*Asks:* 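Just passing along the structure, written as structure tokens.
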Amino acid sequence: MEQTRALNALEPFLALSKSANSPRAAADLVSQATSAPNTYVFAELLQTPNMQALKQSPEYASHLTLLEIFAWGTLADYKANASLPQLNAAQHQKLLLLSLLPLARSHTTLTYAHLTTALSLPSPRALEELITTAIYASLLTATLDPAHGLVNVTSIAPLRDLAPGAIPSLAATLAAWSARCGGALDELDAQIAGVRKAAVRREKERRKRERGMETAMGLLEEKSAGAAKRGEEGGQGQGEAMEIDQEDIVGRFARGVKKGGLAGLGGRRL
Amino acid sequence: MAAGPPNPLLSTARASDTSPVVQLHPLVLLTITDSLTRHTLRRLPGPVVGAILGQQNGQEITMEVAFQAKLNQNDAGEAVLDDVWFASRLEQYKDVHKVPALDLVGWFTLGPSTGPQSHMLPIHTRIQELHNDSPILLLFHPEDAVAEVKAGGKLPLTLYESISETGPVIPNDKAMDIDGAPTGKPVKFRELVYTVETGEAEMISVDFVARGGGNATAVEGTKPKASSSKSVPEASEDSSKKGKGKAKEPSKAEGVIDESTVLTAEDEEILSSLIAKSNAIKMLSTRITLLRRYLASLPPSYLSDPSLPFTNPPADPTTALPLNHPILRSISALLARIPILAPPDSAAFARETQEEQSDVQLVALLASIAGSVQSAKEVGRKFNIVDSARFQGKKGLMMGMSMGSMGMGGSQLGLDEGGGQYFDTVMGGGSGGRTLRERPGNYH
């Protein structure tokens with residue numbers, strides 16, 4: 001969205017660049033393009049043959065450098081080169097805005113103190129104004145945190161051109177990112193496998209327990225059946241009843257007690 | 001834009017600043033696919049056409065609900081809206097969606113990805129006349145939806161706004177007729193940018209759809225095992241009846257426990273959320289790979305090697321990928337955003353995360369303590385039952401049969417209390433004893 005607007009703003013200058021054959025006209029076009037509102041990207045203009053032809057002109061080569069600075073440089077780059085043409089107010093403001101974007105790439109540079117020095121602004125107030133302008137021009141999505149002297153930037157508009165030799169570093173960042181994705185995916189897979197394994201283990205334990213229970217129950221049922229038989233035959237319970245209670249009791253009671261014992265066995269296994 | 005002859009209905013003008021920004025809600029997409037499915041399955045004749053309702057707020061247009069419209073055929077054999085039906089249905093929808101008030105913002109139909117076609121014009125102009133000055137046309141491309149989804153594939157739809165363009169008039173256009181179309185200018189369509197937005201209520205339904213997908217993938221592949229797992233419980237039952245001697249047998253059968261049957265509801269939830277996350281990261285990963293491939297396939301230029309001259313490299317027919325500055329700028333801006341995603345006050349952020357984490361763990365711990373207390377209580381209760389039974393067994397001998405008259409009712413009471421009335425059960429005879437025996441099984 002922002003790019004479309006910036007490109008639309010640049011369109012007339014691209015058209016004009018075809019006719020700007022003389023270095024003087026081309027240099028003039030550079031000043032016009034950089035002063036115009038909403039023009040934030042310049043790579044397309046920079047690539048036109050007439051602009052590149054400025055390199056051959058000793059008088060106006062500095063205008064080409066200026067355009068390059070507007071494309072991917074910062075205010076610091078401009079100050080480092082004294083031979084560059086003077087900036088008018090609009091150009092200066094735009095260069096300030098554009099310099100803000102590369103500075104918004106790390107939290108360490110997003111402090112009031114750092115930004116005011118990097119952009120050579122007189123006061124925090126001027127910085128706040130600049131950032132507000134940038135936010136309204138949809139160059140940045142950000143909030144100001146004057147209490148801690150911080151600028152919280154959440155996104156940066158794609159309105160800076162790439163500096164020469166930028167692609168390898170981009171590719172490296174992407175590679176690192178994709179490696180991180182891979183790592184996260186592996187971790188997630190491991191977690192999924194872990195949940196499944198835990199479920200299977202739990203189920204195994206549950207079955208083991210159940211089986212143990214049933215085995216014990218079955219065993220005791222057999223015994224009690226036997227005891228009942230004995231009780232009927234002999235009138236007096238012995239054996240298991242003695243083991244449990246160690247007391248000679250009437251078989252009828254012994255049967256009930258044994259059944260109680262069964263329950264106790266099952267209960268302990270819980 | 002598209003290969004082949006350009007669509008005469010498409011405007012060649014670039015999207016301007018004044019173009020509306022559309023926020024598309026998934027409910028509209030669901031409605032469209034739903035009506036498309038019904039239409040196809042019922043083999044209904046005629047095109048699929050429907051209305052889209054939303055809010056318009058300055059340049060921002062939301063598309064929130066949609067419904068399929070009834071069509072009639074006019075004298076010329078063209079499909080047109082049934083105006084009466086359409087108006088009443090529109091009123092009904094407006095009544096339902098009062099706050100915030102929705103209005104007709106556009107309409108949808110099916111069409112090829114090359115753009116709108118002339119048979120869509122009558123409906124479009126009709127809507128324009130009756131309901132909305134500038135309806136947006138949502139064109140759904142069924143052939144793209146069926147086709148293999150590409151990495152980073154877009155939704156198979158395009159949005160168009162209509163504009164009246166005073167351009168070179170096509171010779172056989174109706175506008176040339178003196179008593180022809182009511183509008184003197186031909187209607188042209190211009191592509192719009194859209195974003196997909198989700199409201200909270202929609203999130204639930206979309207989440208439901210996505211979860212269905214997640215579960216489907218989770219169970220997939222384990223189905224063949226299902227039949228074998230069913231036999232496992234039976235096998236263990238059999239063996240337990242046979243007694244201790246055969247107890248080891250089913251341990252072999254345990255090897256084939258079917259994961260899908262032993263997962264609890266909680267596990268399913270965890271799994272589906274994990275799978276959803278993993279799918280999202282996979283998608284992200286494929287897109288990153290796409291960007292990497294794009295960067296790798298760029299021809300050598302000043303951007304990859306500063307020593308090269310600053311010109312657009314000549315279009316090489318073999319590489320066929322010219323430097324596309326907008327794309328490169330977008331990639332650069334995207335990557336610049338990564339380092340600033342974490343909040344600047346990292347110490348506070350870490351503390352907050354830890355606090356949250358410990359809170360969650362504390363709750364989990366409390367839950368497990370409560371669970372342990374519960375099972376301890378159960379054990380105590382059961383032990384009490386057994387213990388009192390043994391005690392009463394002895395006592396019963398002394399007390400004699402007089403207590404036996406209390407019978408079964410007492411036995412239930414004794415069990416529930418877990419207290420000293422157990423002797424009633426003993427006295428109650430066979431059936432009382434059975435109740436007891438089944439009891440441990442019930443605790444599972």
Side-chain angles (χ1 to χ4, degrees), chain A residues 1 3-5 8 41 43-44 47 52 105-107 110 150 152-153 155-158 160-162 164-168 170-171 173-175 177-178 181-182 184-185 188-189 191-192 195-196 199-200 203-204 207 211 214-215 218-219 245 247 249 253 256-257 259-260 262-264 266-267 270, chain B residues 15 17 193 236 240-241 243-244 247 250 254 257 259 262-263 267 270-271 274 277-278 281-282 284-285 288-289 291-292 295 302-306 310-312 325-326 328-333 335-337 339-340 344 379 382-383 385-386 389-390 393-394 396-397 426 433 436-437 439-440 443:
Chain A
M1 208 42 215
Q3 273 209 71
T4 331
R5 202 156 61 199
N8 283 349
V41 293
E44 284 84 352
Q47 278 176 351
Q52 288 301 314
R105 295 189 175 192
S106 158
H107 284 308
L110 278 174
L150 292 174
N152 289 327
V153 178
S155 82
I156 305 165
R160 281 326 301 268
D161 286 304
L162 279 78
I167 284 185
L170 287 187
T173 318
L174 279 175
W177 193 3
S178 109
C181 277
L185 274 179
L188 278 177
D189 284 345
Q191 274 193 39
I192 291 173
V195 169
R196 296 227 159 110
V200 169
E203 175 69 6
K204 270 185 187 163
R207 286 187 188 168
R211 217 172 36 246
E214 281 178 14
T215 318
L219 212 68
D245 290 330
E247 204 174 298
I249 47 165
F253 289 133
V257 169
K259 279 171 185 167
L262 284 184
L270 286 171
Chain B
D17 287 358
V193 201
S236 57
S240 61
K241 274 174 196 158
K244 247 184 194 170
E254 268 173 9
I257 290 174
E259 285 175 351
V262 298
L263 291 174
D267 289 340
I270 294 173
L271 277 183
L274 284 177
K277 279 195 187 88
S278 133
I281 296 178
K282 260 181 212 150
L284 175 67
S285 185
I288 294 173
T289 322
L291 287 185
R292 286 178 69 189
L295 287 185
Y302 76 97
L303 286 175
S304 50
D305 187 353
F310 188 88
T311 43
N312 215 351
H325 288 285
L328 288 174
R329 279 192 282 258
S330 298
I331 295 176
S332 162
L335 296 183
R337 214 182 141 181
I340 53 166
V379 169
K382 282 170 188 161
F383 179 75
I385 295 167
V386 173
R390 286 167 57 175
K394 300 174 203 167
L397 195 66
V426 178
L436 240 194
R437 230 188 310 123
R439 195 75 190 187
Y443 282 130

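Excluded from the calculations below are hydrogen atoms, water molecules and symmetry mates; all remaining heavy atoms, backbone and side chain alike, are included. Here is the naming used below: chain letters follow the sequence lines, and residue numbers restart at 1 for every chain. Since we're looking at a predicted model, the values are computed, not measured.
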*Asks:* Which heavy atom in A/L162 sits nearest to a heavy atom in B/R329, and how many Å separate them?
*Replies:* CD1-N, 3.7 Å
*Asks:* Is there side-chain contact between A/E44 and B/P326, with heavy atoms separated by less than 4.5 Å?
*Replies:* yes
*Asks:* Hey, could you give me the OG/CD1 distance between A/S155 and B/I340, rounded to the nearest 0.5 Å?
*Replies:* 7.5 Å
*Asks:* Of all heavy-atom pairs between B/S278 and A/D189, which one has the smallest distance, and what is that distance?
*Replies:* OG-OD1, 4.5 Å
*Asks:* With a 4.5 Å limit on heavy-atom distance, are the side chains of B/L328 and A/I167 in contact?
*Replies:* yes
*Asks:* What are the two closest non-hydrogen atoms of A/L170 and B/S332, and how far apart are they?
*Replies:* CD2-CA, 4.1 Å
*Asks:* With B/S330, which residues qualify under side chain to side chain donor-acceptor pair (under 3.5 Å), at least two apart?
*Replies:* A/Q3
*Asks:* Quick check: do A/V41 and B/H325 have side-chain heavy atoms less than 4.5 Å from each other?
*Replies:* no
*Asks:* What's the shortest heavy-atom distance between B/A333 and A/P158, and which atoms?
*Replies:* CB-CA, 3.5 Å
*Asks:* Measure the spacing between CG of B/L295 and OG1 of A/T173 and express it to the nearest 0.5 Å.
*Replies:* 9.5 Å
*Asks:* Chain B heavy atoms under 4.5 Å from A/A175: which part of the residue, side chain, backbone, both or neither?
*Replies:* both
*Asks:* Supply the atom-to-atom distance A/Q191 CD to B/I270 CD1, rounded to the nearest 0.5 angstrom.
*Replies:* 9.0 Å
*Asks:* What's the spacing between B/I281 CD1 and A/L188 CG if we round to 0.5 Å?
*Replies:* 5.0 Å
